[in-house]
2 protein chains.
Amino acid sequence: MVTLAEVAQHAGVSASTVSYVLSGKRSISATTRQRVERSIQLLGYHPNAGARALASNRSNIIALMIPLRTDMYVPVMMEIAIAVTTAARAHGYDVLLLTGEEGPDAVRRVTGSGLADAMIVMDVELDDERLPLLRATDQPSVLIGLPADTLGLTCVDLDFRATGALCVEHLAMLGHRDLAVIGEAPAVYERHTGFAERTLDGLRSRARELGIRLVHRACEGGYDAMALTLARIFDERPGTTGFVVQNESAIEPLLALLRQRGRAVPEDVSVVAVCPDQVAVQASVRLTSVAIPAQEMGRHAVARLVAKLDGRGGDEVVLIAPELTVRASTGPAPAAS
Amino acid sequence: MVTLAEVAQHAGVSASTVSYVLSGKRSISATTRQRVERSIQLLGYHPNAGARALASNRSNIIALMIPLRTDMYVPVMMEIAIAVTTAARAHGYDVLLLTGEEGPDAVRRVTGSGLADAMIVMDVELDDERLPLLRATDQPSVLIGLPADTLGLTCVDLDFRATGALCVEHLAMLGHRDLAVIGEAPAVYERHTGFAERTLDGLRSRARELGIRLVHRACEGGYDAMALTLARIFDERPGTTGFVVQNESAIEPLLALLRQRGRAVPEDVSVVAVCPDQVAVQASVRLTSVAIPAQEMGRHAVARLVAKLDGRGGDEVVLIAPELTVRASTGPAPAAS
DNA sequence: GTTGGCTGTCGAAGCGCTTCGACATGTATG
DNA sequence: CATACATGTCGAAGCGCTTCGACAGCCAAC
């Protein structure tokens, strides 16, 4: 394992000079710099992470807390994780992966040990027990998601309220007057993860404004649960012609069941999904959808975090504006018969 | 930030004593230990990760390289990542997330800088450029996946050859004589990721042994690609009654298309999938499937790695035996008409 | 030609921890 | 009773780096 001292010796300079070449914190003559850089190349030197962390009090690591459950919006999580990792690398940081398992202790451990310089927290609940800790520590953090009280916190999320509104608007514009919302599993609402409620809120208030009828049903994913939910909806509101789905594992079952009932999409009923674009285009009907911009959220979170680490910028709530892409699953409402 | 020295002072012992209480590397009297532990509690002490890494030459971090693409077997990757993280924590390790993006350089960086003590590499290609580096370094590593040459490497993977054989056996036993295999996207075969070929190999050789006809078609995911593939298959082999699918994003489209063609599952055709259990149970037909044991692979990989770090156990290839779960998508072949 | 201010380099201290050898004890052995 | 040997604790060195102050050399300014 090559050390700074060896590089210094090889280049015929002192250790501190090598250090300054690496960090750029003091001016170094061009010739010296080149000589040092050449030695670094030749010897294949990599600064020792531990030593660096100890001396500089910076680990150059960002902690990323992801949810433990693997039963929900997995692709989104994965995409965010990858986007975060890639973005972090671009800023010279590595990413430490933590699962929700440890709960608040993870926050204590990371901040206490200097393992990471900052953290990104996903799957934030409305009244998350990690929030007080994050507020108390002087380590920068960014939440992906929106808790009830954002005071003193930096958050990045899709504007789910606007998302809901956008879905209703699109369907209303096409002439649909009776909408049904297929939501996440009841557990998601019970955990108060926020985003589901906010979407619903947006859906409802816009529907009210536009004079649209709207029912909402939470729904476990899968074929059987969806079958029950759909039957109930058509029982109660036979005139339903527009669907908004916010539950990845309900999408295909819904489409299959509609087909089975002889309701053509988009001729008889229209479907708008809230899901990653990839899911929307791979579905059995190319879905009109509001994308969950995982990449963007990941990149944004890292950008904010790095800004904080550099002493720029403070707390802020960034709500990403939703974008609806029209594909093949929505069309004009059928003439009332 | 509380330091070891402060704990020592608080407990009225020397720093080294505290260190030995923490590591257990020398015997400490019960009374001293308790006093120290109490001080640790009281002061909320967490050892500084950098200092520890520097002094002990151990970071207690395991690097996990995941593929950059988010277009393939995402849930499996995610599940493995979470299983690895959880298992690692149970052994006192944290996990550093790396994407394939950096390529072999990531290996150099991590081993060179002492950022991690060991690494787990996913998405291994048959002739992966990272392999020489992994063989050369004295840092332990475990591959999830199976390259062409496993000499000097430790690998964990599902036994995909046996998986293929198992699928054929199951369908043969039910009387199916004409099988079609819906494979991964052509790109997967071109990248020589191994697992797809190995499955195919198992399928073919078992089919040959049992006198079963079998066609294989690589297939991009999605509805349109699947429609084309299926049309071709039925054109060429109208008598096909058994399907093996190894492509998550082809599953739902396949089921929908079969339904559309009036072929009932499992009455007219049987379908076996190679996919995570969760996907199998959430499909529109509960699928008979061979599970991809993501959790087990992740746990196994960590266990091997920790064993190596502790100086136990050497190189080894662990192939996990496949298990086929019969669900609602397979049944007796229809009487030849 | 002295002063002042840059620029580029160096030496040394110190970050918080682990670990080695040393050294008191206390306990079994001849 | 002396010798040997665990047992429990301490002091000090050192891991590889960053960073501060010092300082040599140089140029410009009066």
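Hydrogens, waters and symmetry mates are skipped; everything else that's a heavy atom, side chains included, is used.
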Novice: Would you mind reporting whether B:Arg109 and A:Arg89 have side-chain heavy atoms less than 4.5 Å apart?
Specialist: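 They are in contact (side-chain heavy atoms under 4.5 Å apart), so the answer is yes.
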
Novice: Under 4.0 Å: is that the gap between some side-chain N or O of A:Ser16 and OP1 or OP2 of D:dT19?
Specialist: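 Indeed not, no polar side-chain atom of A:Ser16 lies that close.
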
Novice: Between C1' on D:dC10 and CG on B:Leu4, what's the gap in Å once rounded to a whole number?
Specialist: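 The distance from CG of B:Leu4 to C1' of D:dC10 comes to 14 Å, rounded to the nearest Å.
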
Novice: What is the distance, rounded to the nearest whole Å, between atom OH of A:Tyr20 and atom C1' of C:dC10?
Specialist: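 Rounded to whole Å, this separation is 10 Å.
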
Novice: Of all of residues 29-51 of chain B, which get a heavy atom below 4.0 angstrom from DNA chain C, listed by number?
Specialist: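 Listed by number, they are B:Tyr45, B:Pro47, B:Asn48, B:Ala51.
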
Novice: Would you say a side-chain N or O of A:Ser56 is under 4.0 Å from OP1 or OP2 of D:dT18?
Specialist: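 Negative; the distance criterion is not met.
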
Novice: When the distance from CG of A:Asn57 to P of D:dT19 is rounded to whole Å, what number comes out?
Specialist: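 Interatomic distance, CG of A:Asn57 to P of D:dT19: 10 Å.
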
Novice: Please tell me if B:Ser19 has a side-chain N or O lying less than 4.0 Å from either OP1 or OP2 of C:dT18.
Specialist: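 True: B:Ser19 side-chain N/O within range (under 4.0 Å) of C:dT18 OP1/OP2.
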
Novice: Around B:Gln139, counting heavy atoms of other residues, nucleotides and ligands shown, do more than 12 lie under 6.0 Å from its CD?
Specialist: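 For B:Gln139, atom CD is crowded (more than 12 foreign heavy atoms under 6.0 Å).
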
Novice: Could you state the atom-to-atom distance from CD of B:Gln9 to P of D:dC10 in whole Å?
Specialist: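 Taking atom P of D:dC10 as the reference, CD of B:Gln9 is at 13 Å.
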
Novice: May I ask you to test the B:Met119-B:Val142 pair for a side-chain heavy-atom distance under 4.5 Å?
Specialist: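 No - every pair of side-chain heavy atoms lies 4.5 Å or more apart.
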
Novice: Say you draw a straight line from CG of B:Asp105 to CG of B:Leu98; how long is it, rounded to the nearest 0.5 Å?
Specialist: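 With rounding to 0.5 Å, CG (B:Asp105) is 12.0 Å from CG (B:Leu98).
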
Novice: Output the rounded distance in Å from CZ (B:Arg58) to P (D:dG16).
Specialist: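 Nearest whole value for this atom pair: 16 Å.
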
Novice: A:Lys25 side chain N/O closer than 4.0 Å to the phosphate oxygens (OP1, OP2) of D:dT19?
Specialist: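 For D:dT19, OP1 or OP2 has a side-chain N or O of A:Lys25 closer than 4.0 Å.
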
Novice: Decide, yes or no, whether a salt bridge links A:Asp138 with A:Lys308 under the criterion of side-chain N to carboxylate O below 4.0 Å.
Specialist: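 Salt bridge absent between A:Asp138 and A:Lys308.
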
Novice: Between C:dT18, D:dT9, C:dG8, which nucleotide has the shortest distance from any of its atoms to the side chain of B:Arg26?
Specialist: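 Given the options C:dT18, D:dT9, C:dG8, the side chain of B:Arg26 is closest to D:dT9.
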
Novice: State, with a plain yes or no, whether a side-chain heavy atom of B:Pro147 is found less than 4.5 Å away from one of B:Glu125.
Specialist: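 No, too far: nothing below the 4.5 Å cut-off.
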
Novice: Would you say the side chain of B:Ser27 and the base of D:dG8 hold a donor-acceptor pair, judged only by whether the two atoms sit under 3.5 Å apart?
Specialist: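 Check fails, no donor-acceptor contact within cut-off.
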
Novice: Roughly, in whole Å, what's the span from CG in B:Leu54 to P in C:dG14?
Specialist: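 B:Leu54 atom CG is separated from C:dG14 atom P by 17 Å.
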
Novice: Considering every strand and a 4.0 Å limit on heavy-atom distances, what is the contact class for B:Ile28: base, sugar-phosphate, or nothing?
Specialist: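 Result for B:Ile28 = sugar-phosphate.
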
Novice: Considering only heavy atoms from C-beta outward, does the side chain of B:Ile320 approach that of B:Asp159 to under 4.5 Å?
Specialist: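 Answer no - side chains too far apart.
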
Novice: To the nearest angstrom, how far is A:Arg52 atom CZ from D:dC15 atom P?
Specialist: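 Going from CZ in A:Arg52 over to P in D:dC15 covers 19 Å.
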
